[in-house]
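Each remark here refers to the structure printed beneath this line.
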Amino acid sequence: MARGELKTQRTNASVEDFIDGLTDERRRKDSRRLLSIMKEATGAEPEMWGPAIVGFGSYRYETARGKLNDWFLAGFSPRKQYLALYLMAGYSHYAKLLKRLGEHSRSVSCLYIKTLDAVDEGVLRELIATGAADLSKQVTSSD
């Protein structure tokens with residue numbers, strides 16, 4: 001890997017095989033539901049990014065050193081303790097939606113939920129769709 005190159009890259013691995021390989025039945029079920037939610041909300045097909053992230057759509061950005069990188073607009077990773085949902089637009093501008101979402105925690109671009117049953121799916125769809133659309137207006141698509 002060249003210096004400055006992103007560790008997590010888009011791959012040709014099968015999203016379905018990845019999800020089918022999850023050992024926890026709850027994570028498999030939630031991941032299948034998230035596939036549908038994120039595909040509808042972003043209008044993009046799912047792709048594997050690295051070994052454990054399912055990403056939707058992509059955009060190109062330039063680093064401070066002038067390197068161009070591609071990244072996904074929205075995605076998720078089924079972790080052992082929680083589902084990590086990535087919205088690259090971040091979550092700070094969506095306080096009203098987050099208040100209505102249900103049980104979760106978050107960081108700048110990451111939303112952590114224990115199970116989809118703990119959140120309002122309609123609000124989740126709106127959050128993903130709005131975030132992906134907002135970011136798409138600001139960046140160049142790399143698809």
Under 4.5 Å between side-chain heavy atoms, chaining through other members, with only Ile, Leu, Val, Met, Phe, Trp and Tyr counted: pull out the rest of the cluster around Y82, sorted by chain and number.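 For the cluster that includes Y82, the remaining residues are Y112.
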For W71, run the ring-ring contact (aromatic ring centres under 6.0 Å, His included) check against Y86, W49, Y61 and tell me which one passes.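 So the option named by the test is W49.
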Side chains of S58 and R10: closer than 4.5 Å at any heavy-atom pair?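 Yes - at least one pair of side-chain heavy atoms lies under 4.5 Å apart.
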Answer yes or no: is there a side-chain heavy-atom contact under 4.5 Å between K39 and E45?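 Of all side-chain heavy-atom pairs linking E45 with K39, at least one is under 4.5 Å.
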Would you please name every residue forming a ring-ring contact (aromatic ring centres under 6.0 Å, His included) with Y94, sequence neighbours left out?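 Partners of Y94 under the ring-ring contact (aromatic ring centres under 6.0 Å, His included) test: none.
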Drop me the distance from [X]'s [atom1] to [Y]'s [atom2], to the nearest 0.5 angstrom.
X: L35; Y: E40; atom1: CG; atom2: CD; result: 12.5 Å
X: M48; Y: N12; atom1: CE; atom2: CG; result: 11.5 Å
X: D70; Y: R60; atom1: CG; atom2: CZ; result: 4.0 Å

Are [X] and [Y] grouped together when hydrophobic residues (ILVMFWY) are joined by side-chain heavy atoms under 4.5 angstrom apart?
X: V119; Y: V54; value: yes
X: L85; Y: F18; value: yes
X: M38; Y: L135; value: no
X: L87; Y: I113; value: yes
X: I37; Y: V15; value: yes

Nearest heavy-atom neighbours spanning [X] and [Y]:
X: I128; Y: A41; value: CG2-CB, 3.6 Å
X: R27; Y: D24; value: N-OD2, 2.8 Å
X: P78; Y: L22; value: CG-CD1, 3.7 Å
X: L111; Y: L124; value: CD2-CD1, 4.2 Å
X: T11; Y: G50; value: CG2-N, 3.7 Å
X: T42; Y: A132; value: CG2-CB, 4.0 Å

Could you check whether D30 and T115, counting side-chain N and O atoms only, form a donor-acceptor pair closer than 3.5 Å?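 Yes.
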Checking R79 against S77: is there a side-chain donor and acceptor pair closer than 3.5 Å?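 On atom types as modelled, these side chains qualify, holding a pair under 3.5 Å.
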Test side chain to side chain contact (heavy atoms under 4.5 Å, CB included) on R100 and D120 and set out the steps. CA-CA 7 Å; R100 296 180 16 234; D120 182 312; over 6 Å; no
For R33 and D117: C-alpha separation, side-chain torsions, deciding distance, then whether salt bridge (Lys or Arg N to Asp or Glu O under 4.0 Å) applies. CA-CA 11 Å; R33 283 170 58 197; D117 291 339; 3.2 Å; yes
Please state whether the rings of F56 and F76 are parallel, tilted or perpendicular, taking 30° and 60° as the class boundaries.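 F56 vs F76 ring planes: parallel.
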Which residues pass the side chain to side chain donor-acceptor pair (under 3.5 Å) test with D20, not counting sequence neighbours?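 For D20, the residues satisfying side chain to side chain donor-acceptor pair (under 3.5 Å) (neighbours in sequence not counted) are R32.
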Taking NZ, NE, NH1 and NH2 as the nitrogens, is one of them in R125 or E121 under 4.0 Å from a carboxylate oxygen of the other?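 Looking at R125 and E121, the cut-off is met.
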Sub-3.5 Å donor-acceptor pair from the side chain of H93 to the main-chain atoms of Y91, do we have one?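 Between the backbone of Y91 and the side chain of H93 there is no qualifying donor-acceptor contact (under 3.5 Å).
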With side chain to side chain contact (heavy atoms under 4.5 Å, CB included) as the criterion, how do R106 and L98 come out once you've worked through the C-alpha distance, each side chain's angles and the decisive distance to 0.1 Å? CA-CA 10 Å; R106 67 181 172 95; L98 289 169; 3.4 Å; yes
From CA spacing to verdict: side chain to side chain contact (heavy atoms under 4.5 Å, CB included), K99, K96: CA-CA 5 Å; K99 282 183 180 181; K96 288 181 182 177; 5.9 Å; no
Flag yes if more than 12 heavy atoms outside E62 fall under 6.0 Å of its CD atom; otherwise flag no.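 Counting neighbours around CD of E62, more than 12 heavy atoms of other residues, nucleotides or ligands fall under 6.0 Å, so yes.
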